[in-house]
Q: 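To start, I am sharing the structure in question, which I have written as structure tokens.
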Amino acid sequence: MSEFAVRLATTLSVLETISNEFSPAVFASSLAAEDMVLTDLILKHKLNIDIFSLETGRLHKETLNMLERIKETYDYEVKLYKPDTEAVDNYVKQHGLNAFYDSVDMRKECCRIRKVEPLNRALKGKKAWITGQRRAQSATRTELAVQEDDVAHAMQKFNPLADWSEDDVWHYIRSNNVPYNALHDKGYPSIGCEPCTRAIQPGEDVRAGRWWWENPESKECGLHVVDGKLVRIKAI
């Protein structure tokens, strides 16, 4: 059995455990490559895990197109959570549409409104949530555990692809004919909101295109942060 086959079997086992023991559980999909791997596993194996995505209002058209591709491929409709309209309007009125370029604080406030608050609504009443994060993605994720105690949301958080490499992700996608975001073919290994994401150059870190104007240590949107700090809890 190859190393990849072992990782795949372990990942599927984690997802099955979540489905059986942590219901109701949800998967927060960004509709990028890693998340399409998890989407494929969840839906093909008919696991009891709902899938949602955060529609921030600033996503690429290619990302939004993935919603229809998932529906066509799996006959499944991803649930969308959107930011509060009044909060968005107030931010734009007070600071400007693209104020997130001005400072880390302004960027984090935009992320809080467009991503963190909708996430909190999506997780309400759930026992566990799942992400597509991997340790190899950035300097802020090197200690990522497969299972974490998410004290901020009082639930368990799972990162089933924590030990997968970039090659693992694409091997699975190509071997299983999984639909993926067209931006990946245009130099976008990591995809967020359109104004905050750029293509990367050969040799750059896979998340170098996310908030590229900031230092690597600040490149988290708040979805995986507690009291302003990225917190990693021991593997459970």
Q: Just verifying a value: how many Å separate Leu123 CG and Lys157 NZ, rounded to the nearest 0.5 Å?
A: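 Those atoms lie 9.5 Å apart.
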Q: Under the side chain to side chain contact (heavy atoms under 4.5 Å, CB included) criterion, do Val88 and Arg114 qualify, and how do the steps go?
A: CA-CA 7 Å; Val88 172; Arg114 294 183 182 273; 3.5 Å; yes
Q: Identify the heavy atoms of Pro195 and Trp212 that sit nearest to each other, and give their distance.
A: O-CH2, 3.4 Å
Q: Please step through side-chain hydrogen bond (donor to acceptor under 3.5 Å, both in side chains) for the pair Glu148 and Gln156, ending with a clear verdict.
A: CA-CA 6 Å; Glu148 300 176 317; Gln156 293 300 294; over 6 Å; no
Q: Quick check: does any side chain N or O of Ser19 sit under 3.5 Å from a backbone N or O of Asn48, one acting as donor and the other as acceptor?
A: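 Side chain of Ser19 to backbone of Asn48: a pair is present.
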Q: To the closest 0.5 Å, what do you measure between CG (Leu47) and OG (Ser23)?
A: 11.5 Å
Q: For Asn181 and His184, indicate whether the former's side chain and the latter's backbone hold a donor-acceptor pair under 3.5 Å.
A: no
Q: Tell me the salt bridge (Lys or Arg N to Asp or Glu O under 4.0 Å) pairs involving residues 163-175, sequence neighbours left out?
A: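 Matches after skipping sequence neighbours: Arg7-Asp168, Arg134-Glu166.
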Q: Identify the two heavy atoms, one from Pro160 and one from Leu15, that lie closest to each other, and give their separation to 0.1 Å.
A: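 Minimum heavy-atom contact is CG-CD2, 3.9 Å.
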Q: With sequence neighbours excluded, give me every salt bridge (Lys or Arg N to Asp or Glu O under 4.0 Å) pair touching residues 76-105.
A: Lys71-Glu77
Q: Please list, one pair per line, the donor and acceptor atoms closer than 3.5 Å that link side chains of residues 49-57 to other protein atoms, with sequence neighbours excluded.
A:
{"unit_1": "Ser53", "atom_1": "OG", "unit_2": "Ser29", "atom_2": "O", "d": "2.8"}
{"unit_1": "Glu55", "atom_1": "OE1", "unit_2": "Gly57", "atom_2": "N", "d": "2.8"}
{"unit_1": "Thr56", "atom_1": "OG1", "unit_2": "Arg58", "atom_2": "N", "d": "3.1"}

Q: Can you tell me if Ser13 uses its side chain to pair, donor with acceptor, with the backbone of Ala9 under 3.5 Å?
A: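 Not a single qualifying donor-acceptor pair exists.
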Q: How far apart are the closest heavy atoms of Gly132 and Leu38, and which atoms are they?
A: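 For Gly132 and Leu38, the tightest heavy-atom pair comes out as CA-CD1, 3.8 Å.
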Q: Quick one: are Ile70 and Leu31 in side-chain contact, heavy atoms under 4.5 Å?
A: yes
Q: Which pairs, with at least one residue in residues 89-126 and sequence neighbours excluded, count as a ring-ring contact (aromatic ring centres under 6.0 Å, His included)?
A: Tyr91-His95, Tyr101-Trp213
Q: Answer yes or no: is there a donor N or O on one side and an acceptor on the other, between the side chain of Thr10 and the main chain of Val6, under 3.5 Å?
A: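 Such a contact is found between Thr10 side chain and Val6 backbone.
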Q: Checking salt bridge (charged side-chain N to carboxylate O under 4.0 Å, His left out) for the pair Arg112/Glu109: CA distance, chi angles, key distance, verdict?
A: CA-CA 5 Å; Arg112 185 192 68 78; Glu109 177 62 8; 2.8 Å; yes
Q: So, using side-chain contact (heavy atoms from CB on, under 4.5 Å) as the criterion, who are the partners of Ala154 when residues are at least two apart?
A: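 Ala154: no side-chain contact (heavy atoms from CB on, under 4.5 Å) contacts found.
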Q: Does Trp211 form a side chain to side chain contact (heavy atoms under 4.5 Å, CB included) with Cys111? I'd like the steps, not just the answer.
A: CA-CA 11 Å; Trp211 309 296; Cys111 287; 4.2 Å; yes
Q: Do Trp164 and Thr11 have a side chain donor and acceptor closer than 3.5 Å?
A: yes
Q: Calculate, to the nearest 0.5 Å, the distance between atoms CD1 and SG belonging to Ile191 and Cys196 respectively.
A: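 With rounding to 0.5 Å, CD1 (Ile191) is 14.0 Å from SG (Cys196).
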Q: Quick check: closest heavy atoms across Val37 and Ile173, and the distance to 0.1 Å?
A: CG2-CG1, 3.9 Å
Q: Tell me every residue that passes side-chain contact (heavy atoms from CB on, under 4.5 Å) with Asn176, counting only those two or more places apart in sequence or in another chain.
A: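 Checked Asn176 against side-chain contact (heavy atoms from CB on, under 4.5 Å); matches are Asp40, Lys44, Tyr172, Val178.
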Q: Taking CD in Glu3 as the centre, count heavy atoms belonging to other residues, nucleotides or ligands within less than 6.0 Å. Is the count above 12?
A: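 For Glu3, atom CD is not crowded (no more than 12 foreign heavy atoms under 6.0 Å).
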Q: Taking only residues at least two apart or on different chains, which pairs with a member in residues 56-80 satisfy ring-ring contact (aromatic ring centres under 6.0 Å, His included)?
A: His60-Tyr188
Q: For Leu161, is there any backbone N or O sitting under 3.5 Å from a side-chain donor or acceptor partner on Asn159?
A: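 Such a contact is absent between Asn159 side chain and Leu161 backbone.
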Q: Tell me the closest heavy-atom pair linking Gly187 and Pro189, and the distance in Å.
A: O-CD, 3.2 Å
Q: Give every residue pair that meets the salt bridge (Lys or Arg N to Asp or Glu O under 4.0 Å) criterion with at least one member in residues 179-197, sequence neighbours excluded.
A: Glu62-Lys186
Q: For the residue pair Trp170 and Ala33, what are the closest heavy atoms and their distance?
A: CZ2-CB, 3.7 Å
Q: Could you pull out all residues at least two apart from Glu204 that satisfy salt bridge (charged side-chain N to carboxylate O under 4.0 Å, His left out)?
A: Arg198
Q: Keeping to residues at least two apart or across chains, list the salt bridge (Lys or Arg N to Asp or Glu O under 4.0 Å) pairs with something in residues 119-131.
A: Glu117-Arg121
Q: Hey, would you say the Phe158 and Phe22 ring centroids sit under 6.0 Å apart?
A: yes
Q: Out of curiosity, Tyr180 OH to Glu34 CD, how far, rounded to the nearest 0.5 Å?
A: 13.5 Å
Q: Going through the checks in order, is the side chain to side chain contact (heavy atoms under 4.5 Å, CB included) test met by Ser103 and Met106?
A: CA-CA 5 Å; Ser103 70; Met106 279 291 92; 3.4 Å; yes
Q: Please identify each residue that fulfils side-chain contact (heavy atoms from CB on, under 4.5 Å) with Thr73, with sequence neighbours left out.
A: Pro179
Q: Rounded to the nearest 0.5 Å, how far does CG of Leu12 lie from CG of Leu41?
A: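 That separation rounds to 6.0 Å.
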Q: Quick one: CG on Leu67 to CG on Leu80, what's the gap to the nearest 0.5 Å?
A: 5.5 Å
Q: Check the pair Thr39 / Phe27 against side chain to side chain contact (heavy atoms under 4.5 Å, CB included), numbers first and verdict last.
A: CA-CA 8 Å; Thr39 295; Phe27 166 42; 3.5 Å; yes
Q: Tell me whether Thr131 contacts the main-chain N or O of Gln133 through its side chain, where contact means a donor paired with an acceptor under 3.5 Å.
A: yes
Q: Indicate if Leu183 and Val206 have the same hydrophobic cluster label, given that clusters are the connected sets of ILVMFWY residues with side-chain heavy-atom separations under 4.5 angstrom.
A: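 Unlinked, Leu183 and Val206 end up in two clusters.
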Q: Check salt bridge (charged side-chain N to carboxylate O under 4.0 Å, His left out) between Glu16 and all other residues, then give those that pass, not counting sequence neighbours.
A: none
